[in-house]
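Accompanying notes for the structure given below.
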Amino acid sequence: MRQVCQRLLLSVMTVFSMCIFLNPLNAKADYNQTMHVIDATDTTLTIDWSMAAQDCLAEFKAEGYKNVKFTKLTLQYAKSPCDMNKVINGGGKALKTSARQCTIKNLKPGTDYFISVSYDYTCTKNGSPVSGGHNFQLNSAVTTNGHSKTAKLVGVTGTTATVNFGDAVEEIREAYKAEGLNPSFDDLYVGYADQEMGMEAALKKAKEIAGKQYYPLAQEQKVYTMRGLTPGHTYTVVAAAGFDDFEKDKAIFEYITLTDVKTAEVDDSDIYNYVPPQTSYDSRTDQAAEGRWFKNVNDPIKINVVFTTEAGKDSITIDWSKQKYKSLKIKPVGKEKKIYLACVKEEQYDRYADNLENGPVDNYGPNIRKAGKLVDAKEIGVDPKETSYTFTGLDPASSYVVMMRCSYKDGNTTCKKIYPYASRVLTEGGLTYDDVEKQVNKNKKDAYLYDGKVRRDGSLAHLDWTNALHEFYGQDALRPYFAQLKTNKCCWIGYAKLPESYTQNDVMNSYREALNQADYWDHFSLAANYPYTNTVVHRLDPSAKYVFAVKFYTSWYDLGWENNFDDVLFIDETGTNFLKAKATNSQYDGHPIDWRPGDEGGSGSSDEGGSGSSDEGGSGSSDEGGSGSSDEGGSGSSDEGGSGSSDEGGSGSSDEGGSGSSDEGGSANSGESSQEGGNGPRVDTETPAENSNNSSNAAGNTADSQMKGAGDQALISCGTGKISYKKLKKNSKTVKIKVENSEGKITVKDISSRKNKNIAKIKIKGRNITVKFKKGTPKGTYKFMVTVAASGNIKKTTETIKIKVK
């Protein structure tokens, strides 16, 4: 952990150094430390600081500085860990002031370096000359170590190409394991370029794009679809792959490449839209914050002026009689005679869109913005001797921002102007953030009630869930809160063949197989990266029909406060998906839904309904994670994927929410019988069609709750497959494991490695298992064998649950 801690320390020191060295400018953006490695070999690193320089100059201009130019550039670097300040303040190599790239030579293979480009600058402001200095820096830049690998092509269309990096990632890991290391995968960034410019030039360009991180892959994503390609052209694709061996505190970096990727001749750009990547960071400051120091009185950090609020049915009283520091004296601003107040009713807004329009830095949103303008208008003033004020005539059951405009003096410290405020101040009957979240989760209709579209072209499937998402986000429960796809996530796609014989059991097994592949994502899972809401699936059986599961992540904003959940859309080649047909008491592909369950339960072999080989972006083997091997057809457990939801969301029971049963929200169990998908008696739906769209209570709250039937085995589900090591530093964490579809005796055995064994505490209560990880639990993979004894018609079931602390 020494090196990891060193990196964290460097990050803290970076922020600190920005405040020291940038004087007299205010270091608002920090330029996001946007210096990049755009090429690496075993002995060289090529770095690029063009984005950092561009952001730096833009911020100078925004601050009112003119004629800005760099007068000196100096390259400094050292092997990590190192004394950052000593490197920055030491000697170095002089560079041309126009330079934006540099190659460092004679380095050691597989080594991590700290790199700095220090600069001096001159400029003018208000006609006066200004000069100073600062630096761009890269806290971790790693040379390769001879283990770069080749990716595999999944398939192409005219303007897209899908590439699988999963096998190459595992090959890199195995190569380092043979050298005594145990690297865990960290991240992938993709770059690609047309070989029309020449093979070497295309490789160089692709590495540069990957290094500048224009196309980041989602966590654990290994299959990527390139877009915006030219029909009939040949491309080179590169993935910059990062790894970490936490036990030995070693960072690892290698390239995964694939050349000669030729697109088809047909232009299908009308089907697969392309969104150019963002090539610079938005460091704009919200102009409403200029000259105003907004301070939330409920912020526990650096509290200055404070006040309390007490609300009635149509009034709010603000009281500033008790300050945290008794020596602090609240005064008017400058020569003003009064302290000014404002009270503004809060309205919902799209925080994401507001940041795009007004800038993300110091953006407090339109409600705070409006209060700031109103308090500056000085409509409500109070004598400095007063210590309270009551706003009257307010709307009941509403939320308000209360703001003060004042100065203060505390001993030798004087603040000339400050805008302390409190938001979400509720008159009687108003809803708290938690109230709104519970209301949304209760009232929103689940995504399986909205059908996506599929068009087959032989072995290809063209999936599109744009309209389904539009309708889903447009429902009454979500529309007021500007629900939209979460920007740093992707949509995960799973698929399975539909059975030839229509029984509930067989159809549900196909749906489970598709859901498992989308839900327990691994490095063979297909993904559509933000902001895309369509994709292509290759190498399907042309003679078979499929069901596709699309798992997506949502952000919604309650007065600017971001909330998240995940859900699953189903796209069925027969038309209306089975879960929707069942919930609305309608027919599925011309068949009534009260079929007598058949005796051929189970998803069968890969020939009958498997998801394809790993090269095809299928489910892969259970050793690699996700949905188990095609011979098994089951969900399996996974080192790489894990079961249930993660800290980022997922299905199953979760403290964070998501689908399945949840403490925080998400959707609850519908309470349906486990016989629905098994070999039991006839099952008739009891949901009347006229109630199907009223709420998720009528339809069953999630796709998972609609798929409770587990055939003749117990259903064992884990709330999360991952726990944050950082969170465990502060508090203990509990993971829930649920057993359903069986009344057999439950036993749990800790089968973790010797160093991780018997660290977690296990409790069994009823049909639930809790695994408690104490505060300070070390990183690693913890394994638990859950066995449910045979009971009635349900067979003995054993499953290994793996929980990662990382």
- [ ] Might you work through the side chain to side chain contact (heavy atoms under 4.5 Å, CB included) test for Y495 and L463, ending with a clear yes or no?
- [x] CA-CA 11 Å; Y495 54 95; L463 306 182; over 6 Å; no
Any side-chain to backbone donor/acceptor pair from [X] onto [Y]? Under 3.5 Å, distance only.
| X | Y | value |
| --- | --- | --- |
| D519 | L515 | no |
| R767 | S742 | yes |
| R227 | V275 | no |
| K222 | E220 | yes |
| N741 | Q713 | yes |
| Y448 | F578 | no |
| T157 | T160 | yes |
| D589 | G575 | no |
| S752 | K783 | yes |
| Q475 | K445 | yes |

For the student: nearest non-hydrogen atoms of [X] and [Y], plus distance:
| X | Y | value |
| --- | --- | --- |
| R456 | A461 | CD-CB, 3.7 Å |
| P499 | V507 | CG-N, 3.8 Å |
| A760 | F784 | CB-CZ, 3.9 Å |
| A151 | V163 | CB-CG1, 3.5 Å |
| A528 | I493 | N-CD1, 3.6 Å |
| N564 | W556 | N-NE1, 4.2 Å |

For residues [X] and [Y], determine if any side-chain heavy atom of one lies less than 4.5 Å from a side-chain heavy atom of the other.
| X | Y | value |
| --- | --- | --- |
| K749 | T747 | no |
| L579 | M508 | yes |
| T574 | K545 | yes |
| N273 | N534 | yes |
| N488 | P216 | no |
| N467 | K453 | yes |
| K738 | E740 | yes |
| T787 | K796 | yes |

Task: Partner set under ring-ring contact (aromatic ring centres under 6.0 Å, His included) for F472, not counting sequence neighbours - done: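 Counting only residues at least two positions away or on another chain, F472 forms a ring-ring contact (aromatic ring centres under 6.0 Å, His included) with Y450, F552.
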Open item on the list: Under the criterion side-chain hydrogen bond (donor to acceptor under 3.5 Å, both in side chains), I'd like the reasoning laid out for Y511 against D572: C-alpha separation, chi angles, the key distance, then a yes or no.
Closed with: CA-CA 9 Å; Y511 271 63; D572 191 309; 2.6 Å; yes
Interatomic spacing from [atom1] in [X] to [atom2] in [Y] - rounded to 0.5 Å:
| X | Y | atom1 | atom2 | value |
| --- | --- | --- | --- | --- |
| I751 | N756 | CD1 | CG | 12.0 Å |
| Q439 | D558 | CD | CG | 9.5 Å |
| K486 | Y352 | NZ | OH | 12.0 Å |
| E799 | C718 | CD | SG | 9.0 Å |
| D506 | Q504 | CG | CD | 10.5 Å |
| T533 | L469 | OG1 | CG | 6.5 Å |

Open item on the list: A cation-pi test, strictly: NZ or CZ of K444 under 6.0 Å from the centre of the six-membered ring of F565 and no more than 45 degrees from its axis. Yes or no?
Closed with: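 Yes, a cation-pi geometry holds between K444 and F565.
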Task: Steps toward side chain to side chain contact (heavy atoms under 4.5 Å, CB included) verdict (N563, Y481) - done: CA-CA 10 Å; N563 296 275; Y481 303 104; over 6 Å; no
Open item on the list: Between Y557 and F482 (judged by ring centroids, cut-off 6.0 Å), do the two rings come close enough to count as a pair?
Closed with: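 Here the rings of F482 and Y557 have centres that are no less than 6.0 Å from each other.
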Open item on the list: Using the rule side chain to side chain donor-acceptor pair (under 3.5 Å), only one of E562, K489, Q484 pairs with S555; which is it?
Closed with: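 Option passing the side chain to side chain donor-acceptor pair (under 3.5 Å) with S555: E562.
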Task: Passing option when Y224 is tested against L217, N164, L526 for side-chain contact (heavy atoms from CB on, under 4.5 Å) - done: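 Checked L217, N164, L526 against Y224; only one passes side-chain contact (heavy atoms from CB on, under 4.5 Å): L217.
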Task: side-chain contact (heavy atoms from CB on, under 4.5 Å) partner of I801, chosen from I769, V771, I737 - done: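 Answer after filtering I769, V771, I737: I737.
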Task: D476/R479 ion pair, N-O < 4.0 Å - done: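 Answer for the salt bridge query: yes.
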Task: Verdict with reasoning, K438 to N441, per side chain to side chain contact (heavy atoms under 4.5 Å, CB included) - done: CA-CA 5 Å; K438 290 176 182 178; N441 287 326; 5.9 Å; no
Task: side chain to side chain contact (heavy atoms under 4.5 Å, CB included) evaluation trace for I723 with Y782 - done: CA-CA 11 Å; I723 298 178; Y782 297 82; over 6 Å; no
Task: Heavy atoms from other residues, nucleotides or ligands near NZ of K806 exceed 12 (cutoff 6.0 Å) - done: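 For K806, atom NZ is crowded (more than 12 foreign heavy atoms under 6.0 Å).
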